[in-house]
Undergrad: 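First the structure, which I've put down as structure tokens, then a few questions once you've had a look.
Letters go in sequence order (proteins before strands), and every chain restarts at 1. For the numbers below, each heavy atom of this structure counts, side chains included, while hydrogens, waters and symmetry mates do not.
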Protein chains: 2
Amino acid sequence: MDVDTIRRSLEAGGLRCTPQRYAVMAFLMEHSGHPTAAEIFAAVNRVDPRSSRGTTYNNLRDLVQAGLVREVAVEGRAARFDAKGMRHHHFICDRCGNVEDMEWYDLPRPAARSLGKRVFRECELIFRGLCAKCARRQAFR
Amino acid sequence: MDVDTIRRSLEAGGLRCTPQRYAVMAFLMEHSGHPTAAEIFAAVNRVDPRSSRGTTYNNLRDLVQAGLVREVAVEGRAARFDAKGMRHHHFICDRCGNVEDMEWYDLPRPAARSLGKRVFRECELIFRGLCAKCARRQAFR
DNA sequence: TTCCACATTAGATATTATCTAAAATACATG
DNA sequence: CATGTATTTTAGATAATATCTAATGTGGAA
Ligand SMILES: [Mn+2]
Ligand SMILES: [Mn+2]
Ligand SMILES: [Zn+2]
Ligand SMILES: [Zn+2]
């Protein structure tokens, strides 16, 4: 991933380009999985520069607020993160909690009537079931 | 809510009807909000019988596994729960994390092609934005 | 080069959830 | 009804996840 692309997306989000923040953003853009904060912390520290756990959490919070990163809450597990690249939905495994990307398709906006005085921002569609790995395990018992 | 209805739904889920478990289920059926485990614990202990925090978590886990209760993970906040009554979607407030019910409508099943070897169970649609209360606060600044 | 708002740090702390092992009990069975 | 047993409850410890604090460092505008 191009250094300037990342640098510019941070600036576009009103965020300074620090080595630690850059490392978090770069890692998310280069890995299409859905790592947890702990995994991101470990990964960016495997290379330079040294970043603290607190900073990793701070930067993830900032990147989410800036709209560059999405946070996916999974019941009973650590939150997962992905860079907002191409639009997509998610599949979450009932058994192992893995989050996988699913092809995007448009969703009907909620009816104004059912929205009431709420201010709508976005829809998120989550598919649930068993991931391929867990489905295979299930079949073998 | 009828005592026997609750008792029977517990039995249908393969769960013994204990006073503590009954109290959790009854509370969820009688309150259409989306309480956290801590709120449920406090509420069922305000009346009899005394239930421990651990038991509240155990029972919520069991009720979710039995398909009687739904758990809603909210980023950065405690999980919330609701009894699975009428089908509905959810609106989650960006600002205060409140979970509100939204009218149900059917969703297209994911295409077999994009599902791959995964085993589909259900779709969940989440609307995001500002709840009525937070939208009002936002307007006043 | 200087300056300062913003960012980072280590460690403490808070919040949420699970585990443990001993005691209690729901309920099937006779 | 009485009994037996698998399930459930309990208090407290522990684990997992996330945030706070206040001292220190720095990106980048000017
Ligand atoms: Mn994704
Ligand atoms: Mn609901
Ligand atoms: Zn899985
Ligand atoms: Zn709100």
Side-chain angles (χ1 to χ4, degrees), chain A residues 3-4 6-26 34-45 48-66 68-69 71-81 96-97 99, chain B residues 3-4 6-26 34-45 48-66 68-69 71-81 96-97 99:
Chain A
V3 172
D4 269 353
I6 296 178
R7 171 178 280 276
R8 271 195 303 271
S9 48
L10 293 179
E11 280 163 4
L15 298 172
R16 283 188 185 171
C17 183
T18 68
Q20 295 85 349
R21 184 173 287 158
Y22 179 94
V24 169
M25 193 64 203
H34 298 81
T36 63
E39 287 164 354
I40 295 166
F41 169 68
V44 304
N45 279 298
D48 230 40
R50 254 54 213 163
S51 178
S52 71
R53 196 161 23 91
T55 295
T56 304
Y57 276 105
N58 285 345
N59 281 327
L60 285 168
R61 198 219 309 103
D62 296 343
L63 291 168
V64 168
Q65 278 200 337
L68 298 173
V69 165
E71 177 173 355
V72 183
V74 184
E75 326 73 60
R77 311 199 182 241
R80 292 166 171 279
F81 299 87
C96 70
V99 176
Chain B
V3 172
D4 268 352
I6 295 178
R7 170 178 280 276
R8 272 196 302 271
S9 48
L10 293 180
E11 281 163 4
L15 298 171
R16 283 188 183 170
C17 183
T18 68
Q20 295 85 349
R21 184 172 287 155
Y22 178 95
V24 169
M25 192 65 202
H34 297 83
T36 63
E39 287 164 355
I40 294 166
F41 169 68
V44 303
N45 277 297
D48 231 39
R50 254 55 212 165
S51 178
S52 73
R53 196 161 23 89
T55 294
T56 305
Y57 276 105
N58 285 344
N59 281 328
L60 285 167
R61 198 218 309 103
D62 296 343
L63 291 168
V64 168
Q65 278 200 336
L68 298 173
V69 164
E71 175 172 355
V72 184
V74 184
E75 327 73 61
R77 311 199 182 239
R80 291 165 172 281
F81 298 87
C96 70
V99 176

Undergrad: At what distance, to the nearest 0.5 angstrom, does CZ of B:Arg80 lie from CD1 of B:Ile40?
TA: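 Taking CZ in B:Arg80 and CD1 in B:Ile40, the distance rounds to 10.0 Å.
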Undergrad: Please check if the side chain of B:Arg21 supplies one atom and the backbone of B:Arg16 the other of a donor-acceptor pair under 3.5 Å.
TA: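 Yes.
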Undergrad: For D:dT26, does either OP1 or OP2 sit under 4.0 Å from a side-chain N or O belonging to A:Gln20?
TA: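 Indeed not, no polar side-chain atom of A:Gln20 lies that close.
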Undergrad: Measure from the side-chain N and O atoms of A:Arg7 to the backbone N and O of A:Tyr22, and report whether any donor-acceptor pair falls under 3.5 Å.
TA: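 Side chain of A:Arg7 to backbone of A:Tyr22, a donor-acceptor pair under 3.5 Å: no, none is there.
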Undergrad: Return the 5'-most residue of the pair B:Pro19, B:Ala79 with respect to DNA chain C, ranking by each residue's nearest nucleotide.
TA: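 On the 5' side of the pair lies B:Ala79.
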Undergrad: Please state how far atom CZ in B:Arg16 lies from atom C1' in C:dA24, giving the value in whole angstrom units.
TA: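 Going from CZ in B:Arg16 over to C1' in C:dA24 covers 11 Å.
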Undergrad: Regarding A:Arg61, tell me which of base, sugar-phosphate or nothing describes its non-hydrogen contacts under 4.0 Å with the strands shown.
TA: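 The residue A:Arg61 makes no contact with any strand.
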Undergrad: Just the rounded figure in Å: distance from P of D:dA18 to CD of A:Glu39.
TA: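 Value for this atom pair: 11 Å.
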Undergrad: Answer yes or no: does a side-chain N or O of A:Thr55 lie under 4.0 Å from OP1 or OP2 of C:dT9?
TA: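 So the side-chain polar atoms of A:Thr55 do come within 4.0 Å of the phosphate oxygens OP1 or OP2 of C:dT9, strictly under.
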Undergrad: Measure from CG on B:Asn45 to P on D:dT9 and round the result to the nearest Å.
TA: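 So the CG-P distance, B:Asn45 to D:dT9, works out to 12 Å.
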Undergrad: Give a yes/no answer on whether the side chain of B:Ser51 brings an N or O atom under 4.0 Å of OP1 or OP2 in D:dT10.
TA: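 For D:dT10, OP1/OP2 do have a side-chain N/O of B:Ser51 under 4.0 Å.
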Undergrad: Which nucleotide sits closest to the side chain of B:Thr18: D:dA18, C:dA7, C:dA26?
TA: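 From the listed options, C:dA26 comes nearest.
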Undergrad: Grab the CZ-C1' distance between A:Arg53 and D:dA16 for me, whole Å please.
TA: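 Going from CZ in A:Arg53 over to C1' in D:dA16 covers 11 Å.
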Undergrad: May I ask you to verify if any side-chain N or O of A:Arg77 is less than 4.0 angstrom from the OP1 or OP2 atom of D:dT17?
TA: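 No.
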Undergrad: For B:Ser52, answer base if it contacts any base atom (sugar-phosphate contacts may also be present), sugar-phosphate if it contacts only those atoms, and nothing otherwise; contact means non-hydrogen atoms under 4.0 Å.
TA: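 Touches a base.
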Undergrad: Quick one: pull up OG in B:Ser52 and CG in B:Asn58 and give me the separation to the nearest 0.5 Å.
TA: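 It comes to 7.5 Å.
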Undergrad: Taking only N and O in the side chain of B:Tyr57, is any of them less than 4.0 Å away from OP1 or OP2 of C:dT18?
TA: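 No, no such contact exists.
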Undergrad: How close or far is atom P of D:dT7 from atom CG of B:Leu63, stated in whole angstroms?
TA: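 In whole Å, D:dT7 P and B:Leu63 CG are 17 Å from each other.
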Undergrad: Heavy atoms under 4.0 Å, any strand shown: does A:Ala38 hit a base, just sugar-phosphate, or nothing?
TA: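 The answer is nothing, as A:Ala38 stays clear of every strand by at least 4.0 Å.
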Undergrad: Closer to the 5' end of DNA chain D via nearest nucleotide, is it A:Leu15 or B:Asn59?
TA: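 Its nearest nucleotide being more 5', the pick is B:Asn59.
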Undergrad: At under 4.0 Å between heavy atoms, what does A:Thr36 touch on the DNA or RNA strands: base, sugar-phosphate, or nothing?
TA: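 Touches nothing.
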Undergrad: Rounded to whole angstroms, how far apart are CG on B:Asn58 and P on C:dA21?
TA: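 Spelled out: CG on B:Asn58 to P on C:dA21 is 15 Å.
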Undergrad: Can you check the B:Phe41 CZ to D:dG12 P distance for me, whole Å?
TA: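 Distance check: B:Phe41 CZ to D:dG12 P gives 12 Å.
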Undergrad: Distance check needed: D:dG28 P versus A:Arg8 CZ, whole Å only.
TA: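 It is 14 Å, rounded to the nearest whole Å.
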Undergrad: Quick check: does any side chain N or O of A:Arg50 sit under 3.5 Å from a backbone N or O of A:Asn45, one acting as donor and the other as acceptor?
TA: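 Yes; at least one donor-acceptor contact below 3.5 Å.
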